[in-house]
Amino acid sequence: MYSLVQPVSHTLEIRKSRFLACVEPCTDRAAAQVRVNELRAQHPGCAHVCWALLAGGHSAAVDDGEPSGTAGRPMLDVLRHQQLDGVLATVVRYFGGVKLGAGGLVRAYTDAVAQALLQAEKIEHIPAQTLNCELAYAHEGVARNLIAELGGELLTVSHGQAVCLHLRLPTTAVDALQEQLLSITRGELGWEVAAPSAD
């Protein structure tokens with residue numbers, strides 16, 4: 001699976017309709033909804049803001065008023081075909097007064113996203129998990145070293161009765177970290193998987 005280094009865009013004009021496509025990194029559905037709302041605000045005169053999302057096992061295909069299955073689904077198919085994850089595809093359509101028909105719409109939305117992706121710089125997508133773990137102060141140093149060795153990233157650390165570590169770790173390393181920390185702390189470990197993360 002792959003994700004994108006940065007957003008890519010392409011503008012397609014078909015029979016006076018303009019299709020402004022953008023494909024960008026995106027972590028989850030909430031982030032996608034924020035981005036779609038931004039596009040609506042930036043393009044108040046547009047007819048549709050259609051979008052497709054593939055992120056951490058979650059997918060979405062939204063036609064936004066276009067005939068069912070003519071926009072979101074074809075866009076999602078392009079993302080799947082390119083083996084992408086952690087990405088959002090959006091197409092802002094300005095209607096030019098000429099109806100394109102269902103087949104024409106499917107082609108337009110497919111082409112707009114595919115053309116944008118021709119410029120994309122892809123990176124290998126490594127699924128990650130966000131975790132919270134709580135342990136005694138005596139084990140903080142060892143825990144930090146283990147997290148770094150396993151390719152993890154500490155997001156926040158808080159100190160109270162115990163040390164609380166909020167971190168992101170490649171999904172493949174989660175079990176190894178839990179086993180090692182349970183061993184070091186002799187089972188005195190608070191452990192919570194927060195959520196799958198798409199980046």
Notebook entry, point to check: Hey, mind stepping through Val157 and Glu140 against side chain to side chain contact (heavy atoms under 4.5 Å, CB included) and telling me if it holds?
Noted result: CA-CA 10 Å; Val157 180; Glu140 181 181 358; 3.9 Å; yes

Next item on the list: Mind listing the closest non-hydrogen atom pair of Ala120 and Leu4 along with its distance?
Entry: CB-CD2, 3.7 Å

Check: What are the two closest heavy atoms between Arg93 and Ser17, and how far apart are they?
Finding: NH2-OG, 3.0 Å

Item checked: Separation between CG of Leu154 and CZ of Arg168, rounded to the nearest 0.5 Å -> 11.5 Å

Notebook entry, point to check: If you group Ile, Leu, Val, Met, Phe, Trp and Tyr by side-chain heavy-atom gaps below 4.5 Å, do Leu117 and Phe19 land in one group?
Noted result: yes

Next item on the list: Would you please test Glu66 and Tyr109 for side chain to side chain contact (heavy atoms under 4.5 Å, CB included) and show each step?
Entry: CA-CA 11 Å; Glu66 292 282 31; Tyr109 282 100; 2.6 Å; yes

Margin query: For His166, is there any backbone N or O sitting under 3.5 Å from a side-chain donor or acceptor partner on Asn132?
Written below: no

Next item on the list: Output yes when a side-chain donor or acceptor of His10 lies under 3.5 Å from a complementary backbone atom of Ala21, and no otherwise.
Entry: no

Notebook entry, point to check: After noting the C-alpha distance and the side-chain angles of His139 and Leu181, does the key distance pass the side chain to side chain contact (heavy atoms under 4.5 Å, CB included) rule?
Noted result: CA-CA 9 Å; His139 306 301; Leu181 288 178; over 6 Å; no

Note to self: Is it true that His159 and Tyr137 share a donor-acceptor pair across their side chains at a distance under 3.5 Å?
What the structure shows: no

Next item on the list: Taking all non-hydrogen atoms of both residues into account, name the closest pair between Ala52 and Gly72 and its distance.
Entry: CB-O, 3.7 Å

Check: Are Trp191 and Leu131 close enough, and set up right, to give a side chain to side chain contact (heavy atoms under 4.5 Å, CB included), and what steps lead you there?
Finding: CA-CA 7 Å; Trp191 183 267; Leu131 309 163; 3.9 Å; yes

Check: What about Leu177 and Val142, same hydrophobic cluster or not, with Ile/Leu/Val/Met/Phe/Trp/Tyr joined at side-chain heavy-atom distances under 4.5 Å?
Finding: yes

Checklist line | Euclidean distance, Thr110 OG1 relative to Leu12 CG, rounded to 0.5 Å | finding: 10.5 Å

Item checked: Hphob cluster co-occupancy, Val92 + Val23, side-chain heavy atoms under 4.5 angstrom -> no

Note to self: Which residue in the set Leu100, Asp77, Thr70 passes side-chain contact (heavy atoms from CB on, under 4.5 Å) when paired with Val106?
What the structure shows: Thr70

Notebook entry, point to check: With side chains defined as the heavy atoms from C-beta onward, is the minimum distance between Ile184 and Leu146 less than 4.5 Å?
Noted result: yes

Item checked: Same cluster (ILVMFWY, side-chain, under 4.5 Å), Trp51 and Val87 -> no

Check: Quick one: does Leu79's side chain get under 4.5 Å of Met75's, heavy atoms only?
Finding: no

Next item on the list: Examine distances only and state if a side-chain atom of Gln119 and a backbone atom of Ser9 form a donor-acceptor pair shorter than 3.5 Å.
Entry: yes

Next item on the list: Spell out, as yes or no, whether a donor-acceptor pair under 3.5 Å connects the side chain of Asp64 to the backbone of Val49.
Entry: yes

Check: Minimum heavy-atom separation for Ala162 to Leu135, with atom names?
Finding: CB-O, 3.3 Å

Checklist line | Whether over 12 other heavy atoms sit under 6.0 Å from Glu188 CD | finding: no

Note to self: For the CG atom of Leu76 and the SG atom of Cys50, what is their distance to the nearest 0.5 Å?
What the structure shows: 13.0 Å

Next item on the list: Enter the distance from Glu192:CD to Thr130:OG1 here, rounded to the nearest 0.5 Å.
Entry: 10.5 Å

Checklist line | Common cluster, Leu20/Val113, ILVMFWY with side-chain heavy-atom separation under 4.5 Å | finding: no

Check: In Å and rounded to the nearest 0.5 Å, what is the CG to CZ distance from Leu88 to Arg29?
Finding: 10.5 Å

Note to self: Testing the basics here: between Cys26 and Leu53, what is the closest heavy-atom pair and its distance to 0.1 Å?
What the structure shows: SG-CD1, 3.9 Å

Next item on the list: Find the distance between CD (Gln180) and CD1 (Ile147) and round it off to the nearest 0.5 Å.
Entry: 11.0 Å

Check: Closest approach of Cys22 and Pro7, non-hydrogen atoms and distance?
Finding: SG-CB, 4.3 Å

